[in-house]
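Note on naming: letters A, B, ... go to the chains in the order of the sequence lines (proteins, then strands), and numbering restarts at 1 for each one.
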Amino acid sequence: MKQKNYPFRAIESRWQKFWEEEKLMYMDESSPKPKYYCLMMFPYPSAALHVGHGRNYIIGDVVARYKLMRGYNVLAPMGWDAFGLPAENAAIRENIHPAVSTREHIRKMKEQLNQWGVLYDWSRELATCEPDYYKWTQWIFLKLHEKGLAYKKLAPVNWCPSCSTTLANEEVVDGKCERCDTLVVQKDLEQWFFKITAYAERLLRDLELLKDWPERVKIMQANWIGRSEGVEIDFRLEGNDEVLPCFTTRPDTIYGVTYMVLAPEHPLVERLAPEEKKEEIRRFVEKSRKENLASRTHLEEEKEGVFIGSYVINPVNGERIPLWIANYALMGYGTGAVMAVPAHDQRDFEFAKKYNLPVKIVIQNPEKTLTLDSLEAAYVEEGVQVGSGPFDGLPNREAIEKIAGYLEEKGVGRKRITYRLRDWLISRQRYWGAPIPIIYCSDCGTVPVPEDDLPVRLPEKVDFRPQGRSPLAGVPEFVDTSCPRCSRPARREMDTIAQWLCSCWYYLRYLSPRDEDRPFDTDLVNRWLPVDQYIGGVEHAILHLLYSRFITKVLYDLGYVGFQEPFQRLFTQGMIVKDGAKMSKSKGNVVSPDKLIAKYGADTVRLYTLFIGPPEKDAEWDDRAVEGAWRFLNRVWRLIEEFKVQSSKFKVEDKNKDKKLSNLDSRRLTDLRRKTHQTIKKVTEDVEGKFHFNTAIAAIMELVNEMSSLSGSEESGLPVMREALETVVLLLAPFVPHLSEELWEKLGYQGSIFLHSWPGYDEEALKIEEMIVAVQVNGKVRHRITVAAGISEEELKKETLTNDRIKELTAGKEIKKVIIVPGKLVNIVVTG
RNA sequence: GCCAGAGUGGCGGAAUAGGCAUACGCGGCGGUCUCAAAAACCGUUGAGGGUAACCUCAUGUGGGUUCAAUUCCCACCUCUGGCACCA
């Protein structure tokens, strides 16, 4: 007989059409079923998707379809993160208007999603570049502005020379632009910021609420926020009453301060320098500004500095402390001033050695006495206070508290908490983004655009190629406007909003995507959020997820939403790599799903993608291994074809399984029934728990293997066979939906399998009559015996010790101990 | 440097409230079908030894706890990711 492959092409197109017509995945607002919001991170429409991207959508689709079968009212929407640099750069490269290329990319990607059999409620589709969406992104900007959380200031900011725009701190990776790897430089620019630092504490604290987030994502966010407790100490400037505050986490080392360092950008530098030093200092400041961020913030970089020429006074002992500026002090952290304790800080130590500054030991090592001559590195371990006046003899851990208290009492310091987190730079000098809704009037100053005037539309006819200033500056119809307050001529803000803000709130918009009167419906949103399951790549651990949490908290404070965290559960899937590397066009290792789908169908690609390994881990793609998934699906197909032939031969119409099952005589059938129910249990647990689809699929394969070996059985076995087959099809449904629908129909059912409920298992069927127990001698498995399932420990012991083979193995030896592990093994400990 | 996570057959990976290591799949080998090949199907497959029953060795390395360790403890090595002059 010629083996025929199953006709996946016809099956897949048939069911894709059916699902869309039946609106299978369209959420029904009036449904009484419990809600389930299953959200996948929406993509940038910049290029065609590869199999690595597919993993995200396939996992999400499995979860959505599974929840559908579990009787939930599922919301699984999809949209497009369409604004921002990737879309704009692609547009520049292809020399097509971003609006056109974006639309084209969306069309292509949507087609791919459809081919994968991934379902969404397309009636809720949105794109962040549409005016009816970005109108509300602008509205959020205005709300933050109203609250004093959006401000403009002149500051040294990250500038990417290649992208010709400023970047947020979070977009600078290793001193390079996250997008194009160009070295980022510092520039002084007037830019818009969001005061995310005002939420630092809450963003950190509320991580504890996120019980179902991966631990590593929470750790990454906590590190990024970088809370540290310390003291801000006032150092008086010598010769006047001005005070220079300085943050430290080590007040216990205050007696060891031998110099002080200011960041080159520190505003006091210019003023404090005496006339004869000004030139030298100006040159140093210039030089360190030119250094890019990458080298300014790396340990390996040589520390350099210049003595300013003035002094400050140590508040605890009145010592005169020289003031320096150095490249290793950062303006953005603490107060931009560092009290230097070379004996107990490695950076200060290196700097002091280089410039011959004094070193003073104030924490003594209790193990091995430190001396100035032998000190080769800063001593940063714990120890005992020395040379610290009234605090001598205290363990330094205690001294931290004591000295902090002492400084507060004296009024020269206060406990403070600082964060590594900086305010979020939100303006971009690019075209493809939402215009910042601000107008500058020479009389009224900075005026927000009134809500009624939103959206501030992005003009279409613009030369959007990067030229170092905002492309919108070249569009007078856009820039020239009138002041909303006094109606006199005014100018619009020409920068656009960073794309990250657009993706900070899209999950709220999905509930009422066409609402023209408000960004989202508070009632609806409170009913549907937090998102039950968010699925996406770990690369967004900080940027997108931190920003979204921030915006949600702001909206909560403003009373627009009733929850403080947007995403209840988060799942971050691993990357799919090829030849050990991330798929990329430049490496030429991109696996396109199109060819594979044409050859094997979407179900095979889905099954392999899920089977490749645990979904939270990276996995290596192997084209050959796809065959395995393909072979398996064909086997399932054939099994059902054969079953149909067989059952028609016996003319079994009986659907009453229980009656048939009660007089089963064949042991193999009992075993199959047990396997069936074991598989239901296993698959359900794997899907409910950690999304371990790989082991769930392996379990189904085992069941199918057992059925194959049982082919050609007698008539009485048909109901058991039928139950097993139906189970296989139901359990496979979320993974391989097209084939499952088709087989479900072949088994005689009408309507979508996803409207049928997920199978439950029968505890009775799981029971076993006898089991195989491993017998160990001194911890090594030597034999196996078959015993009744309900056997007592005593009986099992007896049974084991009287067994001929065991007697042989223990002959001439003294049995010291017998260890019984119920249901698993017996270990006989012998001597000799 | 610091913080996570991970090291298991030729390969992807199973199994950790300690209890039969290598499930499932890929690849390999042998067979069936075929003039032949491919596909498909069936069997076999950790390494070494033995005619065989069986034996020995194997979960990154070295120790430890235990009747029993991939799983727990200590030290180290390697890889991946994040952070990295944050005072």
### Task
Take the protein atom CD of A:Gln221 and the nucleotide atom C1' of B:C3, then report the distance between them rounded to whole Å.
15 Å
### Message
Can you see if the side chain of A:Thr695 gets near the phosphate of B:C24 - specifically, an N or O under 4.0 Å from OP1 or OP2?
### Response
no
### Task
With a 3.5 angstrom cut-off on both distances, give the Watson-Crick or G-U wobble partner of B:A39, or none if there isn't one.
none
#### Entry: Of the listed nucleotides B:C85, B:A21, B:C55, the one nearest the side chain of A:Asn327
B:C85
### Query
Could you give the CG-to-P distance, from A:Leu421 to B:C83, as a whole number of Å?
14 Å
### Atom of A:Pro214, atom of A:Leu570 and distance for their closest heavy-atom approach
CD-O, 3.4 Å
### Query
Taking the same atom, C1', in B:G10 and in B:U45, what whole-Å distance lies between them?
11 Å
### Residue whose nearest RNA chain B nucleotide is more 5′ - A:Arg250 or A:Val821
A:Val821
### Task
State which of B:C3, B:A87, B:A14 makes the closest approach to the side chain of A:Ala329.
B:A87
### Query
Starting at the 5' end of RNA chain B, which residue's closest nucleotide do you reach first, A:Ala774 or A:Val173?
A:Ala774
### Task
Check whether any side-chain nitrogen or oxygen of A:Asn705 sits under 4.0 Å from OP1 or OP2 of B:G25, and answer yes or no.
yes
### Query
With respect to the phosphate group of B:A4, does any side-chain polar atom (N or O) of A:Asn223 fall under 4.0 Å of OP1 or OP2?
no
### Task
Rounded to whole angstrom, note down the C1' distance from B:C73 over to B:A87.
37 Å
### Task
Among the candidates B:C83, B:A87, B:G25, find the nucleotide nearest to the side-chain atoms of A:Asp345.
B:A87
### Query
Within the structure, does a side-chain N or O atom of A:Arg631 lie under 4.0 Å from either OP1 or OP2 of B:A39?
no
### Task
Could you check whether A:Ile828 gets within reach of a base, just the sugar-phosphate, or nothing at all, counting any heavy atom under 4.0 Å?
nothing
### Query
What nucleic acid atoms does A:Val781 come within less than 4.0 Å of, heavy atoms only: base, sugar-phosphate, or nothing?
sugar-phosphate
### Message
Syn or anti for B:G9, given that syn means the glycosidic angle lies within 90° of 0?
### Response
syn
### Message
Using atom C1' in both nucleotides, what's the gap between B:G27 and B:C33 to the nearest angstrom?
### Response
23 Å
### Task
Taking atom C1' in both B:A21 and B:U71, compute the distance separating them and give it to the nearest angstrom.
11 Å
### Task
Taking only the side-chain heavy atoms of A:Arg805 (C-beta and beyond), determine which of B:A23, B:G25, B:C54 contains the nearest atom.
B:C54
### Span that lies between the P atom of B:A6 and that of B:C72, in whole angstrom
10 Å
### Query
Can you tell which of B:G19, B:A6, B:A87 lies closest to the side chain of A:Lys617?
B:A6
List every contact pair, protein side and nucleotides 62-69 of chain B side both N or O, where the distance is under 3.5 Å.
from: B:C67; atom 1: O2; to: A:Asn827; atom 2: ND2; distance (Å): 2.5

### Task
State whether A:Glu685 and A:Lys681 are salt-bridged, where the test is any N-O pair (Lys NZ or Arg NE/NH1/NH2 against Asp/Glu carboxylate O) under 4.0 Å.
yes
### Query
Going by the angle between their ring planes, with limits at 30° and 60°, are A:Phe571 and A:Phe691 parallel, tilted or perpendicular?
tilted
### Query
What is the nucleic acid contact for A:Lys816, judged by heavy atoms within less than 4.0 Å: base, sugar-phosphate only, or nothing?
nothing
### Task
Give none if B:G18 has no partner; otherwise give the nucleotide forming a Watson-Crick or G-U wobble pair with it, both distances under 3.5 Å.
none
#### Entry: Ring centroid separation A:Trp224 to A:Tyr419 under 6.0 Å
no
### Task
Please measure how far the C1' atom in B:U59 lies from the corresponding atom in B:C54, and state the result in whole Å.
24 Å
### Task
Rounded to whole angstrom, note down the P distance from B:G43 over to B:G25.
11 Å
#### Entry: N/O (side chain, A:Arg782) to phosphate O (OP1/OP2, B:A53) under 4.0 Å
no
### Task
Name the nucleic acid region contacted by A:Thr418, choosing base, sugar-phosphate or nothing; use a 4.0 angstrom heavy-atom cut-off, strictly under.
nothing
Please write out each protein N/O paired with an N/O of nucleotides 9-12 of chain B under 3.5 Å, distance rounded to 0.1 Å.
from: B:G12; atom 1: O2'; to: A:Ile612; atom 2: O; distance (Å): 2.8

### Query
Do you know which two heavy atoms are closest between A:Met339 and A:Thr253, and how far apart they sit?
CE-OG1, 3.6 Å
### Query
For atom C1', what is the distance between B:G60 and B:C79, given to the nearest Å?
10 Å
### Query
What nucleic acid atoms does A:Ala625 come within less than 4.0 Å of, heavy atoms only: base, sugar-phosphate, or nothing?
sugar-phosphate
## Note on the structure
Taking B:U56, B:A84, B:C24 as options, the one with an atom nearest any side-chain atom of A:Arg420 is B:A84
### Query
Does B:A75 have a Watson-Crick or wobble mate here (both distances under 3.5 Å), and if so which one?
B:U61
